[in-house]
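Encoded as structure tokens, the structure appears first; notes follow it.
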Amino acid sequence: MNRRSFLWWLASPSLLGAMPGAGAAAAQKPVEELQKNWKALLSPSAVVATGTEPLRLSRDEWRKRLTPDQFYVLREEGTERPGSSPLDSEKRPGVFVCAGCALPLFSSDMKFDSGTGWPSFFTHIPGRFATQRDFKLLLPRTEYHCVRCEGHHGHVFDDGPPPTRQRWCNNGVALRFIPLS
């Protein structure tokens, strides 16, 4: 993350409590229901990973499989520029999968507009992420990775909408969106 991105992040609307559209989906359905019934938003023709068995490839194999931006984020724990991902404004019904291994991670019902410039979700499909503490910006943050390919996706914060109060702030380049229809 460069200095400009860090300063923008510090001044982001979500840190100030202004989150347009936050929690609209959460108000409609209980979180447990969204986590359990995410497959209802998966296109019948979608090809996705069906299990969380590890997918381990060499750096060269990952470089062949991913774009340079995806490699930077997923394999080198980079961060894309805020506002650079079209997935931030994606509003169609569907499922967001890992760009590295096609493991389903979030449904569109879990997404909200955080105003940060990155796709954000208030919950996720259970069992899909491993977390660890990150001190790269000096302040402790919780970083999360895909359990299948160990690709870096983003950070989770406690400034999200009710009912979870979580903001799973994801790099858009680390995701692939599969629309329902």
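Just so it is clear, the values below take in all heavy atoms, side chains as well, and ignore hydrogens, waters and symmetry mates.
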**Request:** Would you please classify the geometry between the His155 ring and the Phe157 ring as parallel, tilted or perpendicular, with 30° and 60° separating the classes?
**Result:**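 The rings of Phe157 and His155 sit tilted, inter-plane angle from 30° to 60°.
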**Message:** Out of the candidates Trp168, Phe129, Phe121, only one should pair with Val156 under the side chain to side chain contact (heavy atoms under 4.5 Å, CB included) rule; please name it.
**Reply:** Trp168
**Complete:** The residue among Val73, Val173, Asn171, Leu105 that forms side chain to side chain contact (heavy atoms under 4.5 Å, CB included) with His153 is Leu105
Can you confirm whether [X] sits close enough to [Y] that some side-chain heavy atom of one is under 4.5 Å from a side-chain heavy atom of the other?
X: Asn170; Y: Leu175; value: yes
X: Arg59; Y: Phe71; value: yes
X: His145; Y: Gln132; value: yes
X: Pro119; Y: Phe96; value: no
X: Phe112; Y: Arg167; value: yes
X: Leu87; Y: Lys111; value: no
X: Ser85; Y: Glu80; value: yes
X: Trp62; Y: Cys149; value: yes

Show the nearest heavy-atom pair for residues [X] and [Y], with the distance to one decimal.
X: Arg148; Y: Cys101; result: NH1-O, 2.7 Å
X: Pro104; Y: Val97; result: CA-CG1, 3.7 Å
X: Val31; Y: Phe122; result: CG2-CE1, 4.2 Å

**Message:** Going by side-chain hydrogen bond (donor to acceptor under 3.5 Å, both in side chains), name the residues that satisfy it together with Ser181, two or more places apart in sequence or in a different chain.
**Reply:**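 Applying side-chain hydrogen bond (donor to acceptor under 3.5 Å, both in side chains) to Ser181 gives none.
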**Complete:** With sequence neighbours left out, the residues meeting side-chain hydrogen bond (donor to acceptor under 3.5 Å, both in side chains) with Thr131 are none
Using distance only, find each side-chain donor-acceptor pair of residues 49-56 under 3.5 Å and give its atom names and separation, not counting sequence neighbours.
residue, atom, partner, partner atom, Å
Arg56, NH2, Glu150, OE2, 3.3

**Request:** Give a yes or no on whether a salt bridge exists between Glu90 and Arg92, defined as a side-chain N under 4.0 angstrom from a carboxylate O.
**Result:**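 Result for this pair is yes, salt bridge flagged.
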**Complete:** To the nearest 0.5 Å, atom CG of Asn37 lies from atom CD of Gln35 at 10.5 Å
